[in-house]
Amino acid sequence: MRLYGFFNSSTSYRVRIALALKNIGFEHHGINLRSGEQSSTDYLALNPAASVPLLIDSDGTTLSQSLAIIQYLDDTRDGPRLIPVDPLARARVMEASLAISCDIHPINNLRVLGYLKRELGVTDEQKNTWYKHWVEVGLAAFEQLLQRYGHGPFCFGESPTLADCCLVPQVANALRMGCDLERFERVMLTYRHCLAQEPFQRAAPDRQPDYIV
Ligand SMILES: N[C@@H](CCC(=O)N[C@@H](CS)C(=O)NCC(=O)O)C(=O)O
């Protein structure tokens, strides 16, 4: 199994966490988003969406979209289930996961921030204001989901789910961008609990072969 990703891409990080939690070995193939490698002819032939992650399974199955990849791994591999089978538990996990993957990540993606700068001429400061605004709006909503329906130490109980796979990279990304998230109490408690677990540590950006400072 091969994973095309980038060390600090949050969507690649989601999949790496899922692979680590299920203890699935994989070959890491770095796609350098800083140099624009996602738009190279070779990579576009694999993934016309010009984004990471991309998973190629040992039978040649090719899949993009981090949530689809994690669902596929959950359905085809052993190890702890990350998406519960019970309908309501499953819906809660999806509700939280989509709050990050649909409501926060896409409007702060590299190509969106690049468009704001290049095409609309916003300054770095304005771009960072945009980033922080949407992260804070999104995580405020996520905090409410955890306050109402979550029960620790992970987002939804004693074992990690897809929601934790989405939360950790989003928080890591926001902290890297200088956001102050301490007022999101449950978010930060959950984040810190996850980071103390070995599989989450194995998936961290600075543990990846393509890590650059
Ligand atoms: N919805 C996709 C998003 C994939 C995505 O856009 N990934 C980012 C990295 S986190 C990317 O490759 N960005 C490249 C760009 O914006 O040019 C997923 O969940 O996999």
Side-chain angles (χ1 to χ4, degrees), residues 1-21 24 26 28-57 61-75 82-83 93-120 122 124 127-128 130-132 134-135 138-139 142 155 161-177 179 200 203-212:
M1 180 177 292
R2 187 182 309 162
L3 181 70
Y4 290 79
F6 186 54
F7 72 96
N8 72 354
S9 136
S10 59
T11 52
S12 309
Y13 192 2
R14 289 175 197 161
V15 175
R16 293 198 306 264
I17 294 169
L19 287 162
L21 288 169
I24 302 170
F26 68 98
H28 180 279
H29 194 108
I31 296 296
N32 190 332
L33 299 187
R34 290 186 189 160
S35 66
E37 198 182 349
Q38 70 274 30
S39 303
S40 67
T41 311
D42 284 353
Y43 187 66
L44 284 178
L46 289 173
N47 185 5
S51 63
V52 291
L54 181 80
L55 185 88
I56 305 191
D57 203 351
T61 300
T62 299
L63 261 182
S64 65
Q65 294 292 340
S66 56
L67 268 57
I69 294 170
I70 294 171
Q71 181 164 41
Y72 169 77
L73 294 172
D74 219 20
D75 290 342
L82 302 176
I83 304 174
V93 166
M94 291 312 298
E95 180 183 34
S97 304
L98 295 172
I100 288 175
S101 63
C102 294
D103 294 352
I104 303 179
H105 176 270
I107 41 178
N108 279 337
N109 201 356
L110 189 62
R111 72 183 80 111
V112 172
L113 299 180
Y115 187 87
L116 288 175
K117 261 198 92 173
R118 272 192 323 273
E119 310 298 326
L120 303 183
V122 307
D124 276 332
K127 187 190 74 175
N128 292 340
W130 166 286
Y131 178 96
K132 285 183 183 176
W134 293 117
V135 162
L139 286 182
F142 195 94
C155 286
T161 64
L162 176 65
D164 300 281
C165 297
C166 291
L167 179 66
V168 166
Q170 186 59 68
V171 170
N173 201 282
L175 293 175
R176 192 161 50 83
M177 293 290 284
C179 298
F200 284 85
D206 62 2
R207 296 273 297 271
Q208 305 315 307
D210 62 339
Y211 174 72
I212 33 175

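For ligands, and for the atoms within them, numbers begin at 1 and follow the listed sequence. Nothing fancy with the numbering, it's 1 onward along the sequence.
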(message) With nothing but distance in play, are any N or O atoms of Ser51 less than 3.5 Å from an N or O of ligand 1?
(response) no

(message) Ser9 versus ligand 1: do any nitrogen or oxygen atoms come within less than 3.5 Å of each other?
(response) no

(message) Tell me whether Tyr43 contacts the main-chain N or O of Ser51 through its side chain, where contact means a donor paired with an acceptor under 3.5 Å.
(response) yes

Under 4.0 Å from a heavy atom of [X]: which atoms of ligand 1 are those, numbered in the order shown and with their elements?
X	value
Pro53	20 (O)
Leu110	15 (C), 16 (O)
His105	3 (C), 5 (C), 6 (O), 10 (S)
Ser66	18 (C), 19 (O), 20 (O)
Ser10	10 (S)
Arg14	19 (O)

Provide, to 0.1 Å, the distance between [atom] and the closest protein heavy atom, together with that atom's residue and name.
atom	answer
atom 17 (O) of ligand 1	Gln38 NE2, 2.9 Å
atom 16 (O) of ligand 1	Arg111 N, 2.9 Å
atom 1 (N) of ligand 1	Gln65 OE1, 2.7 Å
atom 7 (N) of ligand 1	Val52 O, 2.8 Å
atom 13 (N) of ligand 1	Asn109 OD1, 3.3 Å

Residue pair [X] / [Y], side-chain heavy-atom distance below 4.5 Å:
X	Y	result
Leu44	Thr41	no
Asn8	Asn173	no
Arg16	Pro169	no
Phe200	Ile17	yes

Donor-acceptor list for residues 99-109 side chains, cut-off 3.5 Å, not counting sequence neighbours:
{"from": "Ser101", "atom 1": "OG", "to": "Ser97", "atom 2": "O", "distance (Å)": "3.0"}
{"from": "Asn108", "atom 1": "OD1", "to": "Trp130", "atom 2": "NE1", "distance (Å)": "3.3"}
{"from": "Asn108", "atom 1": "ND2", "to": "Tyr131", "atom 2": "O", "distance (Å)": "3.2"}

(request) Could you give me the CA-CA distance, side-chain angles and deciding distance for Leu67 and Leu98, then say whether side-chain contact (heavy atoms from CB on, under 4.5 Å) is met? (result) CA-CA 9 Å; Leu67 268 57; Leu98 295 172; 3.8 Å; yes

(request) State if Leu67 counts as touching ligand 1 under the rule of any non-hydrogen atom under 4.0 Å. (result)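 False for this residue.
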
Compile the donor-acceptor pairs under 3.5 Å between side chains in residues 203-210 and protein atoms, sequence neighbours left out, one pair per line.
{"from": "Gln208", "atom 1": "NE2", "to": "Arg202", "atom 2": "O", "distance (Å)": "3.1"}
{"from": "Gln208", "atom 1": "NE2", "to": "Ala203", "atom 2": "O", "distance (Å)": "3.4"}
{"from": "Gln208", "atom 1": "NE2", "to": "Ala204", "atom 2": "O", "distance (Å)": "2.8"}
{"from": "Asp210", "atom 1": "OD2", "to": "Phe7", "atom 2": "N", "distance (Å)": "3.1"}

(request) Test Cys165 against every option in Val15, Leu21, Leu19 by the side-chain contact (heavy atoms from CB on, under 4.5 Å) rule and name the one that passes. (result)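 In the set Val15, Leu21, Leu19, the residue that makes a side-chain contact (heavy atoms from CB on, under 4.5 Å) with Cys165 is Leu21.
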
